[in-house]
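These numbers were taken from a predicted model, which means no experiment stands behind them. Basis for what follows: all heavy atoms, side chains included, without hydrogens, waters or symmetry-related copies.
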Amino acid sequence: MTYRQLDTRAAALADGFQVRGAIPGGAATLCATPAPDAIAALFALWRAGCVAVPLHERLTRSEIGYARQTVKSSLHIDNPGLHSELAATPGAGPNDVQAFPDVIAFILTSGSSGSPRALGFTRDTLAASASAVAGRLGLSADDRWGLCLSPGHIGGLSLIVRAVMTGASVRLWPSFDADAVVRAILAEEVTHLAVVPVMLRRILTELAGARIPPSLRCVLVGGAAAPRALLDQAWAAAMPLATTWGMTETASQVATASPALARRHPGTAGRPLRGIEVRTGPGGALQVRGPTLASVVIRGAGVPPEPLPTDPEGWFATRDLGHIDADGLVWIEGRADAIIVSGGLNVSPGEVERAIEAMPGVREAVVLGLPDEEWGETVAAVVEADPAAVTPADVDRHCRKHLVRGRCPTRTVVVDALPRTWTGKVMRYRVLEHLEPAVQPRKTT
């Protein structure tokens, strides 16, 4: 589909949506398999004056219902054939979202730490993000993006907006398929990819040592921290990784390291993008200010929308711990709400996770605190690896060699696969199910 064809199709769909009852200024949810018509439907909702709410195409009906109740969707576009449903959820119709007339899209967070929230973005916010990323990576109309992330994820939506702004092409797949992505890489059909670490791991497995052609110029890795072993494996395969840090609240990327910079400084998220400021706040939590911040947040179904909370100077406090070095590079060290206090010792889960992930055979580790009457909390680890190759005793011996005693897990479980969201993020609140059903996690916001 050319851009002219996209425009024509979006116009026709917009007319149809208006006939079906699309309400200008009202939220409209879109849950459709990634395909040219689905992208046309996204732009059609905007042409019809709706606030577009793209959803991950694999959400269940109950999850879709929760999303519709959260944004009070008055129109829902669904597979197959982009059929629509009107006001099928309680409270649907014009609502408080119209109090924020500049918002054109909502994206639901992944729900990796609990119930998803909805973040609202203006046209200027999405454009500012696209422009900043394009400037950092030198994007142009010659780029051929492979869309591995759902348009219902901020990384997928921002990729589509970037492509439209730069005139680039986008290669679509119905869902992430590592084999299909590798075939496209080897056939030189894509020059750029945006992936999360679990996708990168599967792509490397499918490559199986095949030579990556120079036509692949950039692979953005974000959405979660990538283990150093995974980065080393990708660099050994000559993959041009661009490491990045961002979140839904910031319309995707905050800081990005070009492939050359990422290789020189393994593990950095790079420097903040143009127009975006980052500083270290109380307790080491990073704060962000700039034109890419979301305007509105809806914290759950039945909760009215409110402006994204910032301080009087416009700084948004993230829950990510990190620092900015003398060269202006951003380094992420963990989550502020995940710090474990055991016997008066502050334990960073990220530090312990990195130590465990350095073990051969370990794909990923999640470290968290368990309530303990004597110590307050004790350190526990759930490790994703082949249980036949990596045992809890192996992890214990490794940690005792590389960490002080108080930071070593007192309980370790090895699992074939960690629980993940559709976007590949580990659902930390469900990891505890692998440890002990009776154990309840600490409440976090």
Side-chain angles (χ1 to χ4, degrees), residues 54-60 63 66-67 70 106-119 147-159 175-176 178 193-203 219-231 241 243-256 269 286 294 297 299-300 318-322 332-338 349-350 353-354 356-357 362-368 381-385 415-434 441-442 444-445:
L55 303 175
H56 196 288
E57 60 279 1
R58 294 177 67 183
L59 293 186
T60 64
E63 290 171 324
Y66 174 87
T70 299
F106 275 95
I107 287 287
L108 268 69
T109 59
S110 62
S112 59
S113 58
S115 297
R117 294 166 292 118
L119 279 300
L147 183 59
C148 296
L149 302 170
S150 169
H153 180 274
I154 189 60
L157 178 65
S158 62
L159 188 157
S175 61
F176 176 70
L193 293 172
V195 298
V196 295
V198 67
M199 293 177 177
L200 176 61
R201 181 177 289 111
R202 292 173 185 172
I203 289 170
V219 179
L220 273 170
V221 184
R228 176 60 190 271
L230 180 61
L231 297 178
L241 296 185
T243 47
T244 185
W245 169 61
M247 62 207 75
T248 307
E249 289 87 346
T250 60
S252 152
Q253 300 167 52
V254 172
T256 300
L286 294 174
V297 58
R299 300 187 183 278
T318 77
R319 290 179 292 174
D320 291 317
L321 298 173
I332 306 302
E333 297 165 350
R335 299 281 286 179
D337 54 12
E353 288 165 357
R354 287 190 292 273
I356 296 173
E357 288 167 352
V362 170
R363 294 187 291 272
E364 193 163 347
V366 174
V367 172
L368 31 74
V382 180
V383 178
E384 183 178 275
V415 298
D416 287 317
L418 290 164
R420 299 180 185 275
T421 66
W422 290 122
T423 58
K425 283 188 176 181
V426 173
M427 293 186 284
R428 298 183 73 92
Y429 69 97
R430 284 193 53 196
V431 169
L432 282 168
E433 296 173 7
H434 291 292
R442 294 177 299 170
T444 59
T445 56

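- For the residue pair Ala226 and Leu231, the shortest heavy atom distance occurs at CB-CD2, 3.8 Å.
- A distance of 7.0 Å separates CG of Leu108 from OH of Tyr66, quoted to the nearest 0.5 Å.
- Listed here is the closest heavy atom pair of Leu55 and Ser150: O-OG, 4.1 Å.
- Here Arg58 pairs with nothing under the side-chain hydrogen bond (donor to acceptor under 3.5 Å, both in side chains) rule; sequence neighbours left out.
- Between the CD1 atom of Ile356 and the CD atom of Glu384 there is a distance of 13.0 Å, given to the nearest 0.5 Å.
- Between Arg319 and Glu249 there is no salt bridge, since no side-chain N of the basic residue sits under 4.0 Å from a carboxylate O of the acidic one.
- With hydrogens and angles ignored, the 3.5 Å screen pairs a side-chain donor or acceptor of Thr109 with a backbone N or O of Arg117.
- Considering CD of Glu333 and CG of Leu321, their distance stands at 7.0 Å, rounded to 0.5 Å.
- In this structure, Thr70 and Phe106 have side chains that are not in contact, with every pair of non-hydrogen atoms separated by 4.5 Å or more.
- To the nearest 0.5 Å, atoms CG (Leu432) and CE (Met427) are separated by 12.5 Å.
- Closest of all the heavy-atom pairs between Ile107 and Pro54 is CD1-CG, 3.7 Å.
- Closest heavy-atom contact between Ala385 and Val362: CB-CA, 4.1 Å.
- Here Arg228 contributes atom CZ and Glu357 contributes atom CD; the two are 12.5 Å apart, rounded to the nearest 0.5 Å.
- Here the closest non-hydrogen pair linking Ile332 and Arg354 is O-NH1, 4.4 Å.
- Atom NE2 of His153 and atom CG of Leu147 lie 11.0 Å apart (nearest 0.5 Å).
- Side-chain contact check for Leu220 versus Gln253: some heavy-atom pair is nearer than 4.5 Å.
- The minimum heavy-atom distance linking Ala417 with His434 is given by the pair O-NE2, 4.2 Å.
- In this structure, Glu353 contributes its side chain and Val367 its backbone to a donor-acceptor pair below 3.5 Å.
- Counting only heavy atoms from C-beta outward, the side chains of Leu159 and Leu149 never approach each other to under 4.5 Å.
- Using a 4.5 Å heavy-atom threshold, the side chains of Leu368 and Val382 count as separate.
- Side-chain atoms of Met247 and Asp320, non-hydrogen and from C-beta on, do get closer than 4.5 Å to each other.
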Side-chain donor-acceptor contacts of residues 194-201 below 3.5 Å, not counting sequence neighbours, with atom names and distances?
residue : atom : partner : partner atom : Å
Arg201  : NH2  : Arg363  : O            : 2.6

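- Under a 3.5 Å cut-off, the side chain of Thr244 and the backbone N or O of Ala255 do form a donor-acceptor pair.
- Two residues are said to be in side-chain contact when any heavy atoms from C-beta on lie closer than 4.5 Å; Ile203 and Phe176 meet this criterion.
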